[in-house]
Protein chains: 2
Amino acid sequence: MAERPKLETVASVAGVSVATASQVMRGAGRISAKTRERVLAAARQLKYLPDGRAAAMRSGVNRDIGFAIHEIANPFNAEVISGVSDLLETEGYLVAVLDSRDNPERQRKQLEAFIRSSRGGLLWVPAAHTPSETLELLKAHQMPTVTFLRHLQRAQFDHVGIEDAEATARATHYLADLGHRTIAYLGGNATFGVRLERIAGYRRALAERSDVEPLIWESPDNKRAGLDAMLALHRAHPDITAVVCNGDMVAIGASLGLQKIGLQPGRDVSLIGFDDIPDAGIAIPPLSTMAVDPYQLGRRLARTLVDRITEPDSPTATVRVTAELIIRETTAPPVQFQLN
Amino acid sequence: MAERPKLETVASVAGVSVATASQVMRGAGRISAKTRERVLAAARQLKYLPDGRAAAMRSGVNRDIGFAIHEIANPFNAEVISGVSDLLETEGYLVAVLDSRDNPERQRKQLEAFIRSSRGGLLWVPAAHTPSETLELLKAHQMPTVTFLRHLQRAQFDHVGIEDAEATARATHYLADLGHRTIAYLGGNATFGVRLERIAGYRRALAERSDVEPLIWESPDNKRAGLDAMLALHRAHPDITAVVCNGDMVAIGASLGLQKIGLQPGRDVSLIGFDDIPDAGIAIPPLSTMAVDPYQLGRRLARTLVDRITEPDSPTATVRVTAELIIRETTAPPVQFQLN
DNA sequence: TCAAATTGGTATAACGATGTATCAGATGTC
DNA sequence: GACATCTGATACATCGTTATACCAATTTGA
């Protein structure tokens, strides 16, 4: 098997110098039509593709983008990835996804390796409890970076996210307006990231109507954990009639949990999720939720990074998109109201 | 803001030559303890990380691995990615995921960009209808490659997959043994990949017992599509009492579809899935399925690639793991048997 | 018709690391 | 004390591109 073809091979096959071949390959300089054709033919024949490392090293441009995320399995994130890839790929970038699984140590190793290979830019959902050194690492290596979803106050990075607090407040008000007076908040891994903002919104909404006390219950962001957490929450506080969930995965788990103990979501207990993942609409019963279009969000995110790469000296900016309340069948007035 | 630190900077801060600094950084050569310490201190202080491009170009070793997959959103695949990353990251590699979304054109662009950036190896679930040129591209550039799940007969690549035909035959026999005589096969995108092998297993099982006719119904591999396809299938063939599904996503969709029209999965119609994704166990009712541990499968896959990279001249090999039948609540004897 | 401008191509120095050859000085051996 | 050996560091060529400076041949202009 032949060695991997290089520019030198192409040049010698075409009978020109490497310099000429290089100019033809990237459409620069002034080369006559027939030499150009000879070079292109040689390249085609050898299946030549330029070595991006060498090119990037010399020219300083790099079209390799990383998307470092905390959780690749989440279907909302999967849709975001689609949006990001679509935009960046049409702009000529290659997107590679790194899954930190929300582990800051794993994240550190991944980002170090990422920097070593000198990629062109980073989209980043920081893992829970990301230490400052990791931020400084990115800064020190001048990596064009846009954070996503989880905003790092302490760092000067561009940011794209969701109006979490405002949306959660809206969801909470909606439940209270239906007549609920014991509204719990369920889900979220840790004292980190979007959960903080969503809980702030939840608290703010409750504070605005003095007759409901906040009640917050933690749970990892997946269905299994949501199911278990709902059971535990209900055991501890059987009087709860409504639950604001940190995400749809938890909400669907909670829905399954309620059904397991003979309660009907949307009648005995109201549930509201966040994200509007594909499962939300086909769940039984269909889940009420705060919807953000993850595909468009991904495009927005990618666009922000491209702008940063194109104009490295522009001031950093923060973009926050609003969520829309989607009412399906897990939200209804509490039972005592329905009896009236 | 300072420029990105390079070896030269480290060397000058430490008061040594670049050559010395290089040797210290990679623990080669013979360097005295105190110079070593000086260099390391300088590197630490500057947050120096070597430029992997330059290193790889010169030394020829590259610890960047790509995982090109057809569908990142599928939770089975997400678990595979975890297994792959865990193994490769402890071996010092960086894993980047590329999502072709089963589009051969997108895949071609991604793999071209991947080759350009000269990564060290590729794990690959070929997109549906992958043209031969894509294979030849990888061959021409001598990319160490292991295919996953979808076996390419025509190419000499290592392969890791599942005993699809055998497992599906086992599932089909199980349903027939329960007494079912109208057993459909549901799901699969196209005339491509694992679907072919699974259907072959289904057909073989039915052929071994002459009293059941094959009935095959296509559907994309997601819940929404599975739901719709189940409705259409039932409308066309209301007498069906059992369905072998191409995957759990379709099976769960089918389950939801049946419930939507008032049928009870596991009583009126038996369903059996494939993959044992997390949702399968907590679905209502819990789904019977063919289980393969995706995490371990991912590790196996990664190990195969490492072996290929380490020993480029060893003969190519194919690994196929067997699936285990998990009986939950969507499989039971058909109703007429239950009445007896 | 001779200088000036244009065309089409090449030689060569980077980019940031690595690895080998080399070398000066310290140590050891008999 | 002469010669071999070892130690610790350095110079330099190299990896595969790109960008610039340059040059010879051709065309243009007055």
Side-chain angles (χ1 to χ4, degrees), chain A residues 2-40 42-43 46-64 112-113 115-120 141-142, chain B residues 2-40 42-43 46-64 113 115-120 140-142:
Chain A
E3 284 300 297
R4 172 170 177 183
K6 42 181 161 184
L7 197 51
E8 193 191 328
T9 332
V10 175
S12 86
V13 167
V16 298
S17 72
V18 241
T20 306
S22 171
Q23 296 193 71
V24 170
M25 289 314 291
R26 59 194 155 86
R30 292 170 311 190
I31 303 292
S32 73
K34 64 174 182 296
T35 354
R36 178 192 322 285
E37 208 30 70
R38 276 221 315 288
V39 172
L40 289 178
L46 293 166
K47 292 189 198 307
Y48 170 75
L49 285 180
D51 183 330
R53 295 178 303 201
M57 187 155 70
R58 176 65 230 253
S59 69
V61 306
N62 192 324
R63 301 186 87 74
D64 267 6
E112 275 191 8
I115 290 171
R116 292 169 105 98
S117 55
S118 305
R119 310 309 227 300
H141 292 266
Q142 304 180 102
Chain B
E3 285 300 298
R4 173 172 177 185
K6 44 180 158 181
L7 197 51
E8 193 191 329
T9 333
V10 174
S12 86
V13 167
V16 297
S17 70
V18 233
T20 305
S22 171
Q23 296 194 71
V24 170
M25 290 313 291
R26 63 199 146 88
R30 293 171 312 192
I31 304 292
S32 75
K34 65 173 182 296
T35 355
R36 177 190 325 282
E37 208 31 70
R38 277 222 312 289
V39 172
L40 289 178
L46 294 167
K47 293 188 201 303
Y48 171 75
L49 286 179
D51 183 329
R53 297 178 302 203
M57 186 155 67
R58 176 65 231 252
S59 70
V61 306
N62 192 323
R63 302 185 86 74
D64 267 5
I115 290 171
R116 293 171 107 97
S117 55
S118 306
R119 308 313 225 300
H141 291 266
Q142 304 179 101

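In what follows, chains are A, B, ... by sequence order, proteins preceding strands, each numbered from 1.
- Of all heavy-atom pairs spanning A:Ser22 and A:Leu7, the tightest one is CB-CD2, 3.6 Å.
- Among the heavy atoms of the strands lying under 4.0 Å from B:Ala19 is at least one base atom, whether or not backbone atoms are also near.
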Side chain to side chain contact (heavy atoms under 4.5 Å, CB included) assessment of A:Arg119 paired with B:Asp64
CA-CA 12 Å; A:Arg119 310 309 227 300; B:Asp64 267 5; 3.6 Å; yes
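- The listed nucleotides are D:dA9, D:dT17, D:dT10; the one nearest the side chain of B:Val16 is D:dT10.
- Of the listed nucleotides (D:dG16, C:dT10, D:dT10), C:dT10 has the atom at the smallest distance from the side chain of A:Thr20.
- A straight line from CZ of B:Arg116 to C1' of D:dG16 spans 14 Å, rounded to a whole angstrom.
- Within 4.0 Å of A:Ser59, counting heavy atoms only, lie sugar-phosphate atoms of the nucleic acid but no base atom.
- When heavy atoms are screened at a 4.0 angstrom cut-off, B:Thr35 is found touching the sugar-phosphate backbone but no base atom.
- Comparing B:Arg58 and A:Met57, the nucleotide of DNA chain C nearest to each residue sits closer to the 5' end for A:Met57.
- Counting non-hydrogen atoms under 4.0 angstrom, B:Ser32 reaches the backbone sugars and phosphates but no base.
- Annotation: A:Glu8, atom CD; neighbour count of heavy atoms from other residues, nucleotides and ligands within 6.0 Å does not exceed 12.
- Phosphate contact (OP1/OP2 of C:dA17, side-chain N/O of B:Ser22, threshold under 4.0 Å): absent.
- Nucleic acid contact for A:Val18: none, since no nucleic acid atom lies under 4.0 Å from a heavy atom of the residue.
- Residue A:Arg53 is out of contact with every strand shown, counting any heavy-atom pair closer than 4.0 Å.
- Taking for each of A:Arg30 and A:Lys6 the nucleotide of DNA chain D with the nearest heavy atom, the 5'-most of the two is the partner of A:Lys6.
- Between B:Ile115 and A:Arg4, some side-chain heavy-atom pair lies under the 4.5 Å cut-off.
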